[in-house]
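The structure appears right after this line, and notes come after that.
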Amino acid sequence: MDKIKVWIVEDDKDWLRGLHAFLGSQTGIEVTNTSDNPDAVRLALADGGTGLADVVLMDIMLDGVPAGIALAEEVTVSTGARVIMLTSMEEKEFIFRSFQAGAIDYQIKSDFEALPDAIRAAARRESPISPAAAERMREEFRRLKQLERDFETKKMQDLITPSELELLKLIDKGYSQSEIASRLVVSIRTVKNHINHILKKLGSKGSKEAAKEAKEKGLF
């Protein structure tokens, strides 16, 4: 059975030597290429595409910046290799950006002993995600979901006037239009007009739906 060809992209010379030696000693794995900077990677890509490697270990931080993320996309497109991102940090935004660039896994360098299994799984196109990366992604999804909720809440706050919000509170409490008119000392026609304005602003089908939406967004 052919060995899995691995390309290591790492700008720390000590890590590069260490990973080369460690992975080169693993059964079924052969380190066929190493690069220590973005220019070296692009030069290798210019000299050949498909067949350079089956799996690429790509350091996120190259020359002090997260250049590995853009390189991951270039390598994936040019070679078809499976890219595993390497980092000594646990930056959540880097994890997301790495997967968007085409990486299939994200490994912390200090857990280098897990790399052989990650490489073998990548070569089998099983698209693994390490537990650490999976947890960071869940955290990021939760953060993005909260941002989305906050945005929608702010959007509704900007649309609804204080008097309209008070009207929605009364609707949520189950008051009828005539009862609301009495409590606010306005005509039923005024109440109906306010409700129609609210429905147009929010795109809601009915006043109860609008009141429920406002309550769920924490406006009251």
Side-chain angles (χ1 to χ4, degrees), residues 1-137 140-141 144:
M1 183 176 178
D2 293 338
K3 290 186 176 182
I4 300 169
K5 294 183 291 184
V6 175
W7 180 2
I8 305 173
V9 181
E10 168 62 67
D11 66 346
D12 186 310
K13 299 294 196 300
D14 292 333
W15 269 108
L16 186 58
R17 285 192 295 269
L19 289 173
H20 192 303
F22 173 67
L23 294 174
S25 67
Q26 302 298 309
T27 302
I29 294 175
E30 179 184 4
V31 178
T32 57
N33 201 0
T34 62
S35 303
D36 61 8
N37 63 73
D39 290 339
V41 173
R42 293 188 174 97
L43 182 61
L45 292 177
D47 289 340
T50 304
L52 269 176
D54 301 307
V55 178
V56 177
L57 298 182
M58 177 73 71
D59 187 14
I60 285 182
M61 300 300 292
L62 297 170
D63 295 335
V65 296
I69 296 175
L71 281 178
E73 184 172 10
E74 293 181 41
V75 167
T76 300
V77 172
S78 297
T79 70
R82 311 285 275 177
V83 178
I84 297 175
M85 305 304 293
L86 291 177
T87 182
S88 57
M89 305 177 293
E90 298 184 30
E91 297 289 347
K92 286 174 281 191
E93 69 270 22
F94 289 165
I95 295 177
F96 253 60
R97 288 167 59 190
S98 296
F99 282 108
Q100 288 175 330
I104 65 161
D105 202 358
Y106 182 103
Q107 294 284 335
I108 306 300
K109 289 181 185 177
S110 59
D111 192 25
F112 66 89
E113 292 180 343
L115 284 175
D117 286 341
I119 289 170
R120 294 185 185 103
R124 293 194 299 269
R125 297 190 171 273
E126 293 179 352
S127 298
I129 298 179
S130 67
E135 178 57 28
R136 296 304 178 278
M137 289 185 71
E140 186 68 359
F141 274 125
L144 292 174

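Keep in mind it's a predicted model, so treat the numbers as computed, not measured. One is the number of the first residue; the rest follow in order along the sequence.
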- Message: Is the shortest side-chain heavy-atom distance between I29 and R120 below 4.5 Å?
- Response: yes
- Quick one: pull up CE in M85 and CD1 in I108 and give me the separation to the nearest 0.5 Å. 11.5 Å
- Tell me, which pairs form a side-chain hydrogen bond (donor to acceptor under 3.5 Å, both in side chains) where one or both residues lie in residues 19-35, sequence neighbours left out? W7-S35
- Residues forming a salt bridge (Lys or Arg N to Asp or Glu O under 4.0 Å) with E73, sequence neighbours excluded: none
- Please name all residues satisfying salt bridge (Lys or Arg N to Asp or Glu O under 4.0 Å) with D54, sequence neighbours left out, ordered by chain then number. none
Under 3.5 Å, which donor-acceptor pairs link side chains of residues 11-19 to any protein atom two or more places apart or in another chain?
residue: D11; atom: OD2; partner: D63; partner atom: N; Å: 2.9
residue: D12; atom: OD1; partner: D14; partner atom: N; Å: 3.0
residue: D12; atom: OD1; partner: W15; partner atom: N; Å: 3.1
residue: K13; atom: NZ; partner: D36; partner atom: OD2; Å: 3.2
residue: D14; atom: OD1; partner: R17; partner atom: NH2; Å: 2.4

- Mind checking side-chain contact (heavy atoms from CB on, under 4.5 Å) for A114 and listing every partner two or more places apart, or none if nothing turns up? Q107, D111
- Distance-minimising heavy-atom pair for E113 and P116: O-CD, 3.4 Å
- How long is the gap from CZ on R82 to CG on L57, to the nearest 0.5 Å? 13.5 Å
- Interatomic distance, M58 atom CE to I84 atom CD1 [nearest 0.5 angstrom]: 11.5 Å
- Message: To the nearest 0.5 Å, what is the distance between CZ on F112 and CG on L23?
- Response: 9.5 Å
- Can you tell which of V41, V56, N37 makes a side-chain contact (heavy atoms from CB on, under 4.5 Å) with L71? V41
- Closest approach of S98 to I60 (non-hydrogen atoms, all atoms of both residues): OG-CD1, 3.6 Å
- Contacts of type salt bridge (Lys or Arg N to Asp or Glu O under 4.0 Å), residue K109, not counting sequence neighbours: E10, D59
- Tell me the salt bridge (Lys or Arg N to Asp or Glu O under 4.0 Å) pairs involving residues 19-28, sequence neighbours left out? none
- Query: Which pair of heavy atoms, one from A123 and one from V55, lies closest together, and at what distance?
  - Reply: N-CG2, 4.0 Å
- Which atom names give the shortest non-hydrogen contact between L52 and A44, and what distance separates them? CD1-O, 3.6 Å
